[in-house]
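Counting convention: from 1, in listed order, for ligands and their atoms alike. Only heavy atoms go into these numbers, but all of them, side chains included; no hydrogens, no water, no symmetry mates. Numbering of residues begins at 1 and proceeds along the displayed sequence.
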Amino acid sequence: MRKLLPVASCLIFGACWGAPSNTTNWVDTLDTHTFALPGQVRSKHLDLNLNLDFDQKVATGSVTHHLVRTDRSAPFIVDTSELSILAVTDQNGQDLIWDLAPDAGEWRGRPLTIELGENTDKVKIQYQTSPHAEAMQWLSPEQTNGKKKPFLFTQGQAILTRSWIPLQDSPAVRVTWNARVTAPAGMTTVMSADYRKRKMSHTMFQMTRPVPSYLIALACGELTSRPISGRCAVWAEPGIVDKAATELDDLERMVLACEDLFGPYRWGRYDVLFLPPSFPFGGMENPCMTFATPTILAGDKSLVSLIAHELAHSWSGNLVTNATWRDFWLNEGFTVYLEQRIMEHVYGKDRALMEIALGMQGLQKELTELPEADQVLHIDLTDRNPDDGMTAIAYDKGAAFLRRLEQVYGRKRMDKFLREWFNEHAFQSLTTSTFLDFLDKRLIASDSELAKQIDVKDWVTGFGLPSDAPIPDSERFAAVDAAVAAFLGGTTAAELGTDDWVTQQWLRFLSGVKKPSQEQMAALDKAFGLTRSGNSEVLSAWLAIATRNNYAAANARLDLFLMTVGRRKFLVPLYQALLEADNGKIRANAIYKRARMRYHAVSQRTLDAMLGHKPGE
Ligand code: BES
Ligand code: ZN
C-alpha cells in the first residue's frame, strides 16, 4: 500500500521508515496494510470518548493519541475508513493542519496526515463514524434474543478498527488505552479492557497492557452476566445467559489448564460475551472478554473448543502478536495447537484427537481448492485484503507444524520452548523471521540429529502439506468410518450403532455421506432427527448435504438458518450447496436478497463475491 502514497511523500517519509525503536525493528515489520509510519511517529496510548447513537447508527466523539516522536520532522499519519473528521487539535487545544487523502480503494481507506508542531505530543481527533462502518454492526431489536433493544458490536480484526477509530491500524503498533462511552439508558456497554466502571450515563474503561488496534472492541445492548469463578464470567442477553453459563461451566478449568501448560494468564479477568447470531465469526479473542457466537451453545458442551481457542489467544495472539498480516499463522497456527492441548487437558485425548482429525480433514479439502501461492504459511498478502489469509493454512497447517515439532522434540522440550517464546516476547508484535530465529536457537541448533527430522523451511515457505505432517488415528472415527461404509452398503440407519456417538463423530459421519439418495436422506433424518438438530455444527453440515442433494424436507430449516445466523463459516458452504442444487441459483439469490442486510459487512463481502452480487442490488 505504501506505493499508493504520492511519490514526493515516499521520498520524504520512506527513508525514515527504518528508524528502529527500542523493541521493534520497523524495517522487518513492514506492514503493507497501513498508511502509518510508526518508525517516525508512533501512538503509544489513546483516550477514547464516544457517544453511541442507535437511531442514526453512528458513534461521535474523539480520540486523543499520545505520541512517541522518533523523527521530529515527520507528520503523524493514521488510518481511517468512512470517518468524518471534524477537528484536529494538539494538547493545548490549538488546531493542527491536517489532510484526509482520497479513498485509496478496496480495503485501504483514507490516510489522515497531521502536521505536528515542534512540541506537539498529543493529538486529539474529533470525528464521527458512518452508519456503514465495517467494524460496527448495528442490530435492530428484532435481530436480538430479547427483541426489545437494539444492539451494537465492533469487530476490528484484521483492519476494520480504522472504520470506528482513527488510529495506526497495524498489529505492530501497540497502545494502552482508556475509554469513556455514553449509551442510551437501559443499555450496558462492555469493552475489551481490564477495568471498567459504570456511571449513570456512561461507562469508563481502562486497558493498561499495550495491545494492537485490532483488539480494541466494544459491545452495547441489553446485557447481563453470570460469574463462573473469581476471574471468569459469562455475558449475554438475559434470555440466554443461564444457558450460556451452564455451557461454559468449565471456563475456569480451561484457564487453569492453559496456565499449567504455557504460563500465567496475564490479563486479569477472562470473560466471554455471547453476541446475537449475526456475529460473522465463531469467536474473537478480544482481551479480557472473548466475543462469541451463540451458535456454540449446543447444550452439551460439545462445541466449547471454540472457547478454548479464543482463550488460547490470550497467549498466542494477544500476548505475542503477529506483526503483520502475513505472519497471521503465528497467531492462528499457535492458537489451534494450544486449543488442542487445552482440549486434551480438560476433556481427554479421545476428544482432542477427533478434533485434530476433523481439522486435518478440512485442511486437506482446502488444499485442493487453494492456489499454490496461498498454501504457504508465510503467505504474500501484498495488495490483498488480509482477510484472504484467513484459511485453513494459517490455522491447521500452522498447528500441524507445531505438532510435528512436538513429535520430533518431545512434549517436554516443546512446552518449555513455547513457555519461553511467550515469556520472552510478552506484549510484543513479531514476524515469522523472529520466530524462525528463536526456533533455530532454542530447538534446532540444540540437537543436530533431531534437526534432520524436520524441514522447517519447507513447512514455512512451501506449498501443500509436508509428508511428515502428523495425522492422528482415532478409534472412535474408525468406528464411524465403518458405519459410513455399512450405511452406503445398505445397513439401515437404526442398525448403525450410533447410540454413544458424540458430536465430532456425527460430523465425521456426515462428511462421509457425500451423495445420499432421497431414501437414504429420509431414513437418516427419520432415525436421527437431523433437520431438527439443535447442534449448529451438525445442523449446518446436514443442511449442506440435504440442500446439495435436493432433499426438500430441509428447505424451511435452511431458510430460517440463513435468515438468523450470520456466521460466515456456516453461510459459505450453505450458499455453495444451494448453488449446486436444482434451481439453486434462483433460491440462493432470493434468500440472499432478504438476508443480506442482516449479515455483517465481513460476511457480505464474501457472499457478494460468491453470488455475484453488485452494490445497490
Ligand atoms: N481471530 C480469529 C477471528 C478472525 C480472524 C477475525 C481473522 C477476523 C480476521 C478467531 O480467533 C478465530 O479464529 N475464530 C474462528 C474459530 C476458531 C475455533 C477456529 C472462527 O471464528 O471461526
Ligand atoms: Zn483464532
Side-chain angles (χ1 to χ4, degrees), residues 33 107 134-135 137 153-163 169 171 192 211-217 254 258 272-275 277-287 289-296 302-322 324-343 352 355-356 358-360 362-363 366 379 381 384-399 503-504 507 536-537 540 565-573 600-603 605-606:
H33 296 106
W107 39 268
E134 283 188 283
Q137 196 177 8
F153 67 83
T154 68
Q155 164 58 43
Q157 201 180 9
I159 52 169
L160 304 182
T161 303
R162 63 189 66 177
S163 73
D169 201 4
S192 54
V211 294
S213 55
Y214 75 90
L215 292 177
I216 305 176
M254 288 190 184
C258 214
V272 176
L273 166 67
F274 284 96
L275 294 168
S278 69
F279 184 52
F281 296 109
M284 179 63 215
E285 66 271 24
N286 298 314
M289 184 180 276
T290 281
F291 285 15
T293 172
T295 60
I296 61 158
S302 61
L303 305 179
V304 297
S305 63
L306 183 128
I307 300 297
H309 178 98
E310 304 313 335
L311 165 67
H313 273 305
S314 307
W315 286 259
S316 47
N318 301 1
L319 195 58
V320 180
T321 308
N322 51 210
T324 80
W325 295 111
R326 75 175 304 191
D327 308 304
F328 184 56
W329 77 275
L330 288 181
N331 272 19
E332 298 300 343
F334 274 61
T335 298
V336 171
Y337 175 80
L338 265 58
E339 165 199 337
Q340 295 165 348
R341 297 290 306 277
I342 298 172
M343 290 308 288
E355 292 183 344
I356 294 172
L358 286 172
M360 292 307 281
L363 171 61
E366 260 192 73
I379 185 177
L381 290 169
R384 297 172 69 183
N385 190 322
D387 205 37
D388 290 357
M390 202 190 168
T391 68
I393 302 302
Y395 285 80
D396 300 288
K397 183 175 173 181
T503 296
Q504 287 68 30
L507 294 175
S536 65
E537 292 280 352
S540 70
V565 176
R567 187 174 169 190
R568 181 168 65 176
K569 177 188 145 184
F570 290 150
L571 297 180
V572 169
H600 187 280
V602 160
S603 296
R605 187 182 83 92
T606 306

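Note: an N/O pair closer than 3.5 Å links His313 and ligand 1 by distance alone.
Around atom 17 (C) of ligand 1, the closest heavy atom drawn from His309, Met390, Arg567, Glu339 belongs to His309. Of the options Phe570, Trp325, Phe281, the smallest heavy-atom separation from atom 8 (C) of ligand 1 is shown by Phe281. Of all the listed residues (Lys569, Glu285, Glu310), Glu310 holds the heavy atom that lies closest to atom 15 (C) of ligand 1.
Put simply, no part of Tyr214 is less than 4.0 Å from ligand 1, judged by heavy atoms. Heavy atoms of Gln155 come nearer than 4.0 angstrom to ligand 1 in at least one pair.
Gln157 OE1, 3.2 Å is the protein heavy atom nearest to atom 4 (C) of ligand 1. With hydrogens left out, the protein atom closest to atom 13 (O) of ligand 1 is Tyr395 OH, 2.6 Å, a heavy atom. Of the protein's heavy atoms, Glu332 OE2, 3.3 Å lies nearest to atom 2 (C) of ligand 1. Of all protein heavy atoms, the one lying nearest to atom 10 (C) of ligand 1 is Gly283 O, 3.2 Å.
In summary, no N, O or S atom of Glu310 is located under 2.8 Å from the Zn ion (ligand 2).
Atoms of ligand 1 found under 4.0 Å from any heavy atom of Gly282, numbered from 1 in the order shown, are 20 (C), 21 (O), 22 (O). Within ligand 1, counting atoms from 1 as listed, the ones closer than 4.0 Å to a heavy atom of Phe328 are 5 (C), 7 (C).
If you check the side chains of Thr161 and Ser213, you find no donor sitting under 3.5 Å from an acceptor. With 3.5 Å as the limit, one finds a donor-acceptor pair spanning the side chains of Gln504 and Glu355. A donor and an acceptor atom, one from each side chain of Glu134 and His600, are nowhere located under 3.5 Å apart. Residues Glu285 and His309 have side chains that never bring a donor and an acceptor to within less than 3.5 angstrom of each other.
Of the inter-residue distances, the one linking Thr154 atom OG1 with Asn286 atom CG reads 6.5 Å to the nearest 0.5 angstrom.
With contacts defined as side-chain heavy-atom distances shorter than 4.5 Å, the pair Met284/Gln157 qualifies.
If you put the vertex on the Zn ion (ligand 2), OE2 of Glu332 and NE2 of His309 sit 160° apart, to the nearest 10°.
Under the 4.0 Å criterion applied to side-chain N and carboxylate O atoms, Asp388 and Arg326 are not assigned as salt-bridge partners. Classification of Arg567 and Glu537 as a salt-bridged pair holds, one side-chain N sitting under 4.0 Å from a carboxylate O.
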Before giving the answer on side chain to side chain contact (heavy atoms under 4.5 Å, CB included), spell out for Ser192 and Leu215 the whole-Å C-alpha distance, their side-chain angles and the decisive distance to 0.1 Å. CA-CA 7 Å; Ser192 54; Leu215 292 177; 5.6 Å; no
